[in-house]
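The structure presented is a predicted model; accordingly, all values stated were derived computationally and were not measured.
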Amino acid sequence: MKAAVEQVFDGSLTQVAIGGAYDASKINRGKHTGQFNLGAGLVDRFVGPAAVGVANFGESPQAIPSPFIHVVKITDDLFWIFGADAASPAVTRRVQLWTFVPSTNTYTFAGFIVLTFPTTGNVTARGLRAILENYTVGTVGVSGTAVTGSGTSWATGLSVGSRIGFGSTDPMQITTWYQVSAIGSDTSITLTGSAGTIAAGSPYVIQDLMIVHANSNGTNGGLFVAKGLRYEDFAPTGNTIPAATTIDKIKAVYWLKDAGTITNTTIGGCALGDRDSWTQQYVYASDGAGTVLKLFRYNIRAPLTSLGAGAFVLTGTDIVVTGNQSVTGNITLVNNGRVATLNHGPGSGVPSLYLLTSTRVVRVPLSAIVASSTTFVADSMSEVPPGGGNTNLSVSTLTTMDVAGSIDKLVITSVADRGTIYITDYYTGGQQIDRRAGCLASQLPSALRDTDSPIFVHSLGGQTPFVWVEDGWLFHLYAQSSTTNLNALSAYPLAADADFQADVNNRVICPKITLGATPAKLYRALVNAAENIGGYLMGVAPDMFRLQVRTSGIDDNSGTWTDVAPNGDLSGLGTPSAIQFAFQFRTAGVIMLPARVLSLALIYETDDALPSQYRWNFADSDQANGTFGFTQAALFGAAPGLHTINIYRADTNALVLTQASSGTTNGNFQYWNGTAWVNGLGSDVVGTRRRFVPTGSLPSGVDLYATVTVA
């Protein structure tokens, strides 16, 4: 008869931790997918990509609008989001900090700092980078406020004001942090408060946080670095970071100048390169508001040995300035530039700076950024929309761009009136862009919106969005404006898209279903998923998903997956003893509202009685000679297939007789033709009486039972 097994994804099933080892008995999640319980609503408990949440910058306690952000990954389940200040130009600039926890889809405003620049005049933020480094070299011993290191080199590049924790090299294991008030030498640190006594040879970690800030203000703008920061500086009521004076590597804001009077007067961002050492890390800045591009390379970790009023003129290899090179399209001035090494295209394996103009993505190999060069641009990518111009409108004006390293793609936004996010490889031969995602909608992401309207990533007419991609999460800023209910940020599980599975494993794998004794037949899988998220009037239908199945390689996760047909048919899978399902999702789609799967059911035939097309007929049964009768109650849909009967002892469950309808060794399958019993199965007709009459010997004096299966 037919049986069913169901899996309900309401939080009752156990799932592995983010990044945990595969376990066939649990829900196995990816970084961006899993089982979520976000509320009491039925569609709030599901498996799938993480839901889209929102951080309302303009509606936070301090209402600090941000035109762009920088995201730092702390763990797979914790991100720090730094936002630049988009308020009216002023002599100071605020930088806010939010935390994002993917597993609970929560954003929390941590606080902000106020940067005081060692210059005069109002400034506008043009670029922001946050740099968090964990220093764990050597070991320490502590007595009160005195920390003594062994095998340490603290004086080389760390800054006073940063924080230190003891007992582990993993920052997530530190429960108490202490502020560094002085660095006396490579092996001597002083704390602002006592840490008690800690034995020599203990592990530790120093977190060194810096903010790189690019400002426009003519000859009083350029590149600035805030050193000696720590998480605790970002307080809900704010902390002011003073302008530097004559001392390097303390909690202060430093002005790094390319010349006595700066020439990087039209700075367009600050692209961050890798840290080469504690005294060398390059930042790349563009200059030029039109079609003439100049590049500047700053060493932001250069020792500042002779500061004057917080300003330091870099020299030698610490500053490189190219000549001018013409490009197509006007150079973008908002947080422009990303350093990346793609694994495809003409820049495959080549560390390069990717820049944006209004009509092009420009690639510059880092090795080509040399003094006075006018040929540093290697190639560029133009806009050819997916399907060509007769399928999708060209956006014509590109606005922001990031490199999604985990999926090896570029992510590009446009003016919002086209409602487009491009997700693509880097092409230089006029090829079509790979994927268009997102749409144009009028729904506001405001915290005051009607709760029947769901949060999903989309463009707002007349607004300029911003994107940052970190570890496969697309951080999408709806508007760079300071308008209260428009300046909001969503984190979106971009890398959960099925097309990116080769790069990031985000398949949701369901627990193994053990069927025990081999079932007679598999029928189909049934899936319940949210058809609408939000209210009836303002709800939105989510993007697609697909169901996959495997019947081998389950315990060790070695089996390959097969897509299940749209009607859920599983009849071609044979009769396995175990089965496992998985889901893949579309997240780089037009709607950008991920699917939510609520439950799954498997329908199959058991071996312990009759197929669902039959009912026992006791009138045609005969206990004396072991005849079993059954009547057809539903159509097979074709001529009845091979029937097999197995007769067992009821006391021991031992098999005593088996016979297929293709033979007669131990008995005969018969059907009633209206006047007599005839050997065979007859036609596929509801109401047909059938029976099995044994000719082989059966045990006497014991109860017997039978199962009938149909191939």
Exercise. With a 3.5 Å cut-off and no angle check, do the side chains of Y614 and H643 form a donor-acceptor pair?
Worked result: yes
For this session: Decide whether T627 and N625 meet the rule of one side-chain donor and one side-chain acceptor closer than 3.5 Å.
Result: yes
Problem set entry | Note, N37 side chain near F46 side chain (heavy atom, < 4.5 Å) | no
Problem set entry | From OG1 (T707) to CD1 (I647), nearest 0.5 Å | 9.0 Å
Problem set entry | Which atom of R449 lies closest to which atom of V54, heavy atoms considered | NH1-CG1, 4.4 Å
For this session: Using the six-membered ring wherever Trp is involved, compare the ring planes of F100 and F79 and label them parallel, tilted or perpendicular (cut-offs 30° and 60°).
Result: tilted
For this session: For I455 and P445, work out which heavy atoms get closest and say how close.
Result: CD1-CA, 4.1 Å
For this session: Please lay out, stage by stage, how L522 and L515 fare under the test side-chain contact (heavy atoms from CB on, under 4.5 Å).
Result: CA-CA 10 Å; L522 295 178; L515 300 173; 4.1 Å; yes
Quiz: residues 385-395 side-chain donor-acceptor pairs under 3.5 angstrom, not counting sequence neighbours:
from, atom 1, to, atom 2, distance (Å)
T391, OG1, G387, O, 2.8
N392, ND2, P386, O, 2.9

Exercise. Using the benzene-type ring in the case of Trp, are the ring centres of F628 and F692 under 6.0 Å apart?
Worked result: no
For this session: Evaluate side-chain contact (heavy atoms from CB on, under 4.5 Å) for H344 paired with D408, printing each intermediate quantity in order.
Result: CA-CA 8 Å; H344 70 269; D408 198 36; 2.8 Å; yes
Exercise. Given Q580, which of Q548, R550, K512 fulfils the side chain to side chain donor-acceptor pair (under 3.5 Å) condition?
Worked result: R550
Exercise. Which residue pairs pass the ring pair (Phe, Tyr, Trp, His ring centres under 6.0 Å) test when at least one of the two sits in residues 9-33, sequence neighbours left out?
Worked result: H32-W473
Seminar exercise, completed: side-chain hydrogen bond (donor to acceptor under 3.5 Å, both in side chains) filter on S12, not counting sequence neighbours, yields D10
For this session: Please determine, by modelled atom types, if T587 and Y492 share a side-chain donor-acceptor pair under 3.5 angstrom.
Result: no
Seminar exercise, completed: When every non-hydrogen atom of V597 is compared with those of F583, the smallest separation belongs to CG1-CZ, 3.6 Å
Exercise. Between T420 and R436, does a side-chain hydrogen bond (donor to acceptor under 3.5 Å, both in side chains) hold up when you go through it step by step?
Worked result: CA-CA 6 Å; T420 294; R436 173 188 177 273; 3.2 Å; yes
Exercise. Would Q632 and R690 count as having a side-chain donor-acceptor pair, cut-off 3.5 Å?
Worked result: yes
For this session: Return yes if a side-chain donor-acceptor contact under 3.5 Å exists between S599 and N528, otherwise no.
Result: yes
Exercise. Are there more than 12 heavy atoms of other residues, nucleotides or ligands under 6.0 Å from atom CD1 of I74?
Worked result: yes
Exercise. Judged by modelled atom types alone, do T644 and N646 share a side-chain donor-acceptor pair under 3.5 Å?
Worked result: no
Exercise. In Å and rounded to the nearest 0.5 Å, what is the CZ to SG distance from R507 to C510?
Worked result: 11.5 Å
For this session: Answer yes or no: are there more than 12 heavy-atom neighbours, outside D703 itself, under 6.0 Å from its atom CG?
Result: no
Problem set entry | Test side-chain hydrogen bond (donor to acceptor under 3.5 Å, both in side chains) applied to S571 and D569, step by step | CA-CA 6 Å; S571 59; D569 180 35; 3.0 Å; yes
Exercise. Charged N to carboxylate O below 4.0 Å: is that the case for R435 and D497?
Worked result: yes
Exercise. Can a salt bridge be assigned to the pair R691 and D622 using a cut-off of 4.0 Å between side-chain N and carboxylate O?
Worked result: no
For this session: Look up atom OH in Y523 and atom CD1 in I603, then write down how far apart they are to the nearest 0.5 Å.
Result: 10.5 Å
Exercise. Just by distance, with hydrogens left out, do Y422 and D434 show a side-chain donor and acceptor under 3.5 Å apart?
Worked result: no
For this session: Applying side-chain contact (heavy atoms from CB on, under 4.5 Å) between H476 and each of V411, V469, L494, V467, report the one that passes.
Result: V467
For this session: Can you spot which of N505, V508, N28 makes a side-chain contact (heavy atoms from CB on, under 4.5 Å) with T33?
Result: V508
Exercise. Taking all atoms of both residues into account, what is the closest heavy-atom pair of D543 and R586, and its distance?
Worked result: CB-O, 3.4 Å
For this session: Please report the C-alpha distance between S168 and D170 in whole Å, then the side-chain angles of each, then the deciding distance to 0.1 Å, and finally whether the side-chain hydrogen bond (donor to acceptor under 3.5 Å, both in side chains) criterion is met.
Result: CA-CA 5 Å; S168 176; D170 179 4; 5.2 Å; no
Exercise. Would L38 and R45 count as a side-chain contact (heavy atoms from CB on, under 4.5 Å) if you check the C-alpha gap in whole Å, the side-chain angles of each, and the deciding distance to 0.1 Å?
Worked result: CA-CA 6 Å; L38 303 179; R45 292 169 286 175; over 6 Å; no
Exercise. With a 4.0 Å cut-off, would you call D471 and K73 a salt bridge?
Worked result: yes
Exercise. Where is the tightest heavy-atom contact between G641 and V710, given as atom of each residue plus distance?
Worked result: N-CG1, 4.1 Å
Exercise. Is it the case that R29 places NZ or CZ above or below the six-membered ring of F36, under 6.0 angstrom from the centre and within 45 degrees of the axis?
Worked result: yes
For this session: Any chance you could lay out the side-chain contact (heavy atoms from CB on, under 4.5 Å) test for D425 and Q431, step after step, and finish with the verdict?
Result: CA-CA 10 Å; D425 281 358; Q431 298 96 324; over 6 Å; no
Exercise. Are the side chains of H458 and I591 in touch, meaning some heavy atoms are under 4.5 Å apart?
Worked result: no
Problem set entry | Nearest non-hydrogen partners of N105 and A51, listed with the distance | OD1-O, 3.1 Å
